[in-house]
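Here is the structure we will look at, set down as structure tokens.
Just so it is clear, the values below take in all heavy atoms, side chains as well, and ignore hydrogens, waters and symmetry mates.
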Amino acid sequence: MQRPLTGHIRSDAHPLSLAEYEKTGGYDALRKVVGKITPKDVIQEVQNSGLRGRGGAGFPTGLKWTFVPQGENAPRPKYLAINGDEMEPGTFKDRLLLEGNPHLLLEGIILASYAAQLDVAYIFLRWAYKVAFQNLEQAIAEAEAKGYIGENILGSGFSLEVGVHSSAGRYMCGEETGLLNSLEGRRANPRAKPPFPPVVGLWGKPTIVNNVETLCCVPGILSNGVAWFKELSKTTTGGTKIFGVSGKVKKPGLGTAPRHNRARDHRGTRGWHARRPATPRLPARRRLDRLPHGRAPGHRDGLRHRPEGWQPNGNRHDDSPRRQDLSRRDGPQPDEILRTGILWLVHPLPRRPPLDPQDGQRHRRR
Amino acid sequence: MLSAEEKHQIQEELPHSAFKRGASIEALKIVQKHRGWVSDEALKDVAEILDMSPAELENVASFYTLIFRREVGKHVILLCDSISCWIMGYESILDHLKKKLGIGLGQTTPDKRFTLLTIPCLGACDHAPAMMIDETLHRDLTPEKIDRILEACE
Ligand SMILES: Cc1cc2nc3c(=O)[nH]c(=O)nc-3n(C[C@H](O)[C@H](O)[C@H](O)COP(=O)(O)O)c2cc1C
Ligand code: SF4
Ligand code: FES
């Protein structure tokens, strides 16, 4: 089982330094990509990999990046906001990445910013992550000294500023538009959508919001290729997922699973036998992505509008319920999506085939 | 009145954001670091630096759980009361803290050394129960461990 995101993290709680990270193949993707491959091709590669957001909603990452307006007349500066708020009780997967291998995240940030041509990146951290804050500041200083962050990165003409913001603690900061309000020094109330952040985000400028784990997947995709990433999982969307186990279990901690796995596939491994109910019942659908349990598969294909169409603010919206199938071969165009607004994304759960009355077995349909 | 040091640190935060108000949370945190909490006067002074009205800044300050608008003790104990810690014995830990300090939740000891608060998840669920005192995380808590930690706090 490959652990592309966490495999190199040291067990002694020390973060990998820049030199150590480079020894593991770190910043290879940066050198291969920035200034050498066009941003458009980078986005295409990420789209081909099928990478989906690891922050909960599972939106296709490459597709999100295509929404950013480009060209002479595009508003500047454009922003990247990295969502490391992680306030969901029982969730601590981003902490491992932030504390253990900050350069992996930084490389993901640089690559994402290059692909979507963004100027400034803010890492938004859960308030309690003090160690992560220090490790990141240290890593940013190292990367700046090497010329990986700052003006004219590796002579490519591309420049990027990276900063860290530590939250003052409120769950709603994790919601992407609440996060942007918080970065603007406001209450983290969510904003009405559309417009969506890639078009109108921080200070009204185009802004991509991505989760920490999502961005950590990017260097691997670009250095090892789409085929490698897809191989990691049996789902068509590829990759692995970090998940946490805590509570009354023998060995609490984090694990990596291929995206097709379910918690029941892990029962009994790594000593995760529950002494008492191990993990709380999952109250919200989005948590299924973070803590796969018996009925929760990884995201599958077929992202589409919920037929009855709810707006994120709870209102119904009557001209929007057109079904959109993002796995359609030509796919809806970005502006088409922004116009209708993606109202609710559903990841269809697999239906169990019905019992056959003849032999009492479940037969898979061909 | 803000001290020169506080003003200086706030000024240093301003260029990181496109508009001054973007530094408001950082500024409030700086004041809190120096004084333990944010008084009305301090809030007014910070608002002036940020070109915000005091009411606007108060709106922000009162939203975030970790900006204290009332006086707190020298050390603030933030005990996680979320699910994993709760399963792993939050209640007995809380009882121990209450008994040891002689105060209830939200209160400050008479000698102004400790304030006891609860907080949602600290992201240390794999080492529950957990608490944070000032900037330091303490994990896998037991009553004995708590005694030692509290003694180490001046
Ligand atoms: C109430 C609420 C809280 C959220 N909290 C988080 C969070 O803590 N971390 C996170 O990455 N995404 C969180 N999200 C999801 C974000 O809004 C957003 O979908 C995500 O950061 C996008 O990144 P991704 O596409 O890389 O997943 C939250 C959403 C809601 C509605
Ligand atoms: S919808 Fe309810 S639970 Fe969610 S952030 Fe708002 S108040 Fe909190
Ligand atoms: S539930 Fe207490 S630290 Fe997460």
What part of [X] lies closer than 4.5 angstrom to a heavy atom of chain A: side chain, backbone, both or neither?
{"X": "B:Ala18", "value": "both"}
{"X": "B:Leu57", "value": "neither"}
{"X": "B:Ala61", "value": "neither"}
{"X": "B:Leu28", "value": "neither"}
{"X": "B:Glu56", "value": "neither"}

Gap separating the [atom1] atom of [X] from the [atom2] atom of [Y], nearest 0.5 angstrom:
{"X": "B:Tyr64", "Y": "A:Ser167", "atom1": "OH", "atom2": "OG", "value": "6.5 Å"}
{"X": "A:Leu202", "Y": "B:Ser17", "atom1": "CG", "atom2": "OG", "value": "7.0 Å"}
{"X": "B:Phe19", "Y": "A:Glu184", "atom1": "CZ", "atom2": "CD", "value": "8.5 Å"}
{"X": "B:Leu122", "Y": "A:Phe92", "atom1": "CG", "atom2": "CZ", "value": "12.5 Å"}
{"X": "B:Ile25", "Y": "A:Cys173", "atom1": "CD1", "atom2": "SG", "value": "6.5 Å"}
{"X": "A:Ser246", "Y": "B:Ile83", "atom1": "OG", "atom2": "CD1", "value": "9.0 Å"}

Practice task
With a 4.5 angstrom heavy-atom cut-off, could you sort out which part of A:Phe133 is near chain B: side chain, backbone, both or neither?
Solution key: neither

Problem - Which portion of A:Arg95 sits near chain B, non-hydrogen atoms under 4.5 angstrom - result: side chain

Handout entry: A:Gly185 versus B:Ser24, closest heavy-atom pair with distance
Key =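 Minimum heavy-atom separation between A:Gly185 and B:Ser24: CA-OG, 3.2 Å.
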
Fill in the blank from the handout: Note: B:Phe63 and A:Ala188 closest approach over all heavy atoms is CE2-N, 3.2 Å

Within the supplied structure, the quantity of interest is the number of heavy atoms (other residues, nucleotides, ligands) at a distance under 6.0 Å from [X] [atom1]; does it exceed 12?
{"X": "A:Asn73", "atom1": "CG", "value": "no"}
{"X": "B:Trp86", "atom1": "CH2", "value": "no"}
{"X": "B:Lys33", "atom1": "NZ", "value": "no"}
{"X": "B:His8", "atom1": "NE2", "value": "no"}
{"X": "B:Lys112", "atom1": "NZ", "value": "no"}
{"X": "B:Gln9", "atom1": "CD", "value": "yes"}
{"X": "A:Glu151", "atom1": "CD", "value": "no"}
{"X": "B:Glu48", "atom1": "CD", "value": "no"}

Practice task
Flag the pair B:Asp126 and A:Lys93 as a salt bridge only when some basic side-chain nitrogen lies within less than 4.0 angstrom of an acidic carboxylate oxygen.
Solution key: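 No, B:Asp126 and A:Lys93 are not salt-bridged.
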
Flag the pair [X] / [Y] as yes when at least one side-chain heavy-atom distance between them is below 4.5 Å, and no otherwise.
{"X": "B:Glu26", "Y": "A:His165", "result": "yes"}
{"X": "B:Leu137", "Y": "A:Lys130", "result": "no"}
{"X": "B:Cys121", "Y": "A:Arg126", "result": "yes"}

Problem - Option that, when pairs with chain B are counted at under 4.5 Å, heavy atom only, ranks first among A:Gly169, A:Pro77, A:Ala168, A:Ser182 - result: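 The answer is A:Ala168.
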
Problem - Selection from B:Thr136, B:Ile119, B:Thr65 maximising heavy-atom pairs under 4.5 Å formed with chain A - result: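 Highest number of pairs under 4.5 Å: B:Thr65.
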
Problem - Closest-packed option against chain A by number of heavy-atom pairs under 4.5 Å, given B:Ala128, B:Ser82, B:Gly123 - result: B:Gly123

Handout entry: side-chain contact (heavy atoms from CB on, under 4.5 Å) between B:Leu78 and A:Trp127, intermediate numbers included
Key = CA-CA 12 Å; B:Leu78 299 162; A:Trp127 72 274; 3.6 Å; yes

Practice task
Output, in order, the C-alpha distance, side-chain angles, deciding distance and verdict of side-chain contact (heavy atoms from CB on, under 4.5 Å) for A:Arg186 and B:Arg21.
Solution key: CA-CA 8 Å; A:Arg186 301 172 201 278; B:Arg21 71 170 300 145; 3.5 Å; yes

